[in-house]
Every structure is written in C-alpha cells, then in structure tokens.
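Counting convention: from 1, in listed order, for ligands and their atoms alike. We count residues from 1, following the sequence as given.
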Amino acid sequence: MTNPDIKNPRAEHNFVGRTCSITAVGSYVPKKVLTNAALEELVDTNDEWIITRTGIRERRIAADDEYTSDLGAKAAKIALERANVDPADVDLIILATITPDMPFPATACLVQEKIGAFNSAAFDVEAACSGFVYALEIGQQFIMSRTYNTVLVIGAEKLSSITDWQDRNTCVLFGDGAGAAVLQSRENSHGLLTACMGADGRKASILSQPGGGSLHPACGQSVTDRLHYLRMDGQEVFKNAVTAMTKAAKEALARCELEVSQIKCIIPHQANMRILKAVGDRLGASEEQVFSNLQKYGNTSAASVAIALDEAVQQGRVQRGDLILLLVFGAGLTWGAAVIEW
Ligand code: UT7
C-alpha cells in the first residue's frame, strides 16, 4: 500500500485538455558566406558538381570568436521575443548539437547564461542531425506532464569547427547556424501531434567524429590521424536517409490518420536536394509541399529543420492551423518524424 503521508507529485499530472504547441520560432545564421566558388580554391571541386549532386550553392561560416552557444543564444532570443516570453520565465532549455562549445558543461547552460534564463534547468541532447526533433519530443513530454510550462528547444551547430577542409567529400556539405522554438500549452491547437523516433547503432560507423571521446582521447596521434573531423560514407548515409525518413513519415502520418495531401508543408532535414526529392516522391508529395533552403545554408545538422521551420513561417508558407511534417535523419544512425498543427 502506498504511504498516504508521502505526496506523489506525479499523481497530479493530468493530460486531459493539455496540449504542447510551438508558440514561436527564431533562427540565426552567421554573416560570413562561403560560396562554392570559394571552395574551389580549397579542394578539387567545382560549383557544377556541388549544385548537381547536392543542390547547395553557399553556406554560412561562424566567425573565429563566434561559438555554438552564441548562435543558439541569438536564435533563442528571437524566438522568446516573438513568443513574448521573459527569459526569466523559461523553465527548461534543451539544446541539440554535435558541436558543443566544449565536451562539458552543456552548451545549453552556456546559452542560459547568455540569454539570462536563470530560472531554467538546462541540458544538451546529442542525436546528430535528428537532434531537433528528439529535443522537441523531450520538451513536449515535460509540457504534457505539467512538469514545466515553458520549454526552450534549440538546435545549434558550428560544423565548420569539425569539418575537414582537406576532404572534398564532406567539406562542401556543411554550414553553421541555429534555430529555436518555444514550447507552451496553447488553447485551440493540438500542437505537436506525434513524433516517431528511431535509431540503429549497428550503422554508427558510417557517419561519425571518431576522436575526442573515451575511445580516442585527444592526443598528438589523434590529431595526426585527423580523428577530430567529421567522417562520412556518403552513399550509405544517402540510402539510409531516404529509407528512414520515408518510413518515419508514413508511421507518423498513420498514427494521426492523416494523408500526405493534408500536410501543408513538409520540412525535411536539409542534407541534399536529391534526398529531399526522393523522400517527397516516395511519400507522393508535390514539389510545393517540400520546403528547402539548403541552397543557402547547406547541411546545418541539428539546426537544419529548426532554421527551415522558422523560414517557412516567416515566408508565410505555413499559417496557424496548418499541418507540418518535420523529417530528420543523422548519425547514430538516428531519425524521426513529427506532425505539428501549427
Ligand atoms: O546530415 C546527415 C545526412 N547526410 C547526408 O544525408 C549526406 C548523404 N550523402 C550525400 O549527400 C551524397 O552521397 C554526397 C553528396 C556526399 C556524395 O554524392 P554522391 O552522388 O553519392 O557521390 P559519390 O560519393 O558517389 O562520388 C562520386 C564522385 C567520386 O569520384 P569517382 O570515384 O567517381 O571518380 C567522388 O570522388 O564524385 C567525386 N566527388 C567530388 N567531385 C567533386 C566527391 N566529392 C566531390 C566534390 N567535388 N566535392
């Protein structure tokens, strides 16, 4: 028998009537533009190859003294302002990244300091390019359980800090940036309807940054062996990305009993235009439904769908009440799909 003298806070949780909405989004990209033409000076590549194989025309690169926490803090401030939320009222900050300012403390704590959200808990999520959807789902659980009222979710990356600028297979693909979302319960909206997440650790080696952890701690040899840079088997990642995002999308739509035609805007992880097209085709979506901005920013990992969501909203591609499908895929392997009533 439970002890009646012990108060169980969870007994007060009541999901009925509770929803979790994104009340505002914001994003920030660094000023410096790195064009395909500029990359031709660095490695044996060319504008035509990059555009036809990836769709990317340029990407943003953070300044030497601009870090992941700076990018995240700038995006967060914009989102909080738009949501009309005082930083002091943020209960929790969840930041998704694979390029933290340092292994610890969490970049979320560094962002907390930069935005002055001193009443919040803060931690990082590492699910690579899938991180923003993972973080949204975690944040949503805290809102639905009534543990917190306001959760700030951020995807932020300074991928230029782990890019091997001698490897043409990867250095043309990535960029820096950040996006943020404010999660709150809002009346008259279902908000985040569902999120399907998955992972397959058997394929961990096809996309990784091998050095810097307990497996290959930083040392002279790890630097010589270039273990601190991102490595990728592009073709394997490509195939897995198409399959996993398509499957996750179908599962998420089925859970909500929705057809793809009912989705106003599909926002996939901005990795490669050919991946976006293949996923859109497999889902039976029209070209207009699939949002892309990777021509401007390249692949910004955990920031990718967060920046894209913000741009879709600012451009009026989605209005309140519209249905959005977020699709993500990344190292782990990890993947996910989220259906949102905007
Ligand atoms: O964020 C996580 C998700 N990441 C992704 O989804 C990335 C997924 N992968 C991809 O987007 C593509 O696989 C890449 C864009 C990375 C590569 O495209 P691909 O069509 O798979 O090309 P490939 O790797 O098969 O390479 C074809 C050729 C090779 O030359 P050979 O062996 O045929 O002579 C490469 O060496 O293209 C060459 N190549 C380049 N040429 C000029 C590779 N990179 C470059 C380059 N410029 N930057």
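- Side-chain atoms of I154 and F132, non-hydrogen and from C-beta on, never get closer than 4.5 Å to each other.
- Sparse packing is recorded around CZ of R57, with 12 or fewer heavy atoms of other residues, nucleotides or ligands lying under 6.0 Å away.
- Every side chain to side chain contact (heavy atoms under 4.5 Å, CB included) that A195 has, sequence neighbours left out, goes to E137, A338.
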Quick check on ligand 1: any N or O pairs to the protein under 3.5 Å? One line per pair.
from, atom 1, to, atom 2, distance (Å)
ligand 1, 1 (O), H269, NE2, 3.0
ligand 1, 1 (O), N299, ND2, 2.6
ligand 1, 9 (N), G234, O, 3.0
ligand 1, 11 (O), N272, ND2, 2.7
ligand 1, 13 (O), G234, O, 3.2
ligand 1, 18 (O), R274, NH2, 3.4
ligand 1, 20 (O), R53, NH1, 2.8
ligand 1, 20 (O), R274, NH2, 2.9
ligand 1, 22 (O), R53, NH1, 3.4
ligand 1, 25 (O), Q235, NE2, 2.4
ligand 1, 36 (O), R168, NH2, 2.9
ligand 1, 37 (O), W49, NE1, 3.2
ligand 1, 41 (N), W49, NE1, 3.4
ligand 1, 41 (N), R168, NH1, 3.4
ligand 1, 47 (N), T45, OG1, 2.7
ligand 1, 48 (N), T45, OG1, 3.1
ligand 1, 48 (N), R168, O, 2.9

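- A salt bridge (charged side-chain N to carboxylate O under 4.0 Å, His left out) with E66 holds for exactly one of K158, K114, K74; it is K74.
- Residue pairs meeting the ring pair (Phe, Tyr, Trp, His ring centres under 6.0 Å) criterion with at least one member in residues 136-195, sequence neighbours excluded, are F142-Y148.
- Residue pairs meeting the ring pair (Phe, Tyr, Trp, His ring centres under 6.0 Å) criterion with at least one member in residues 208-245, sequence neighbours excluded, do not occur.
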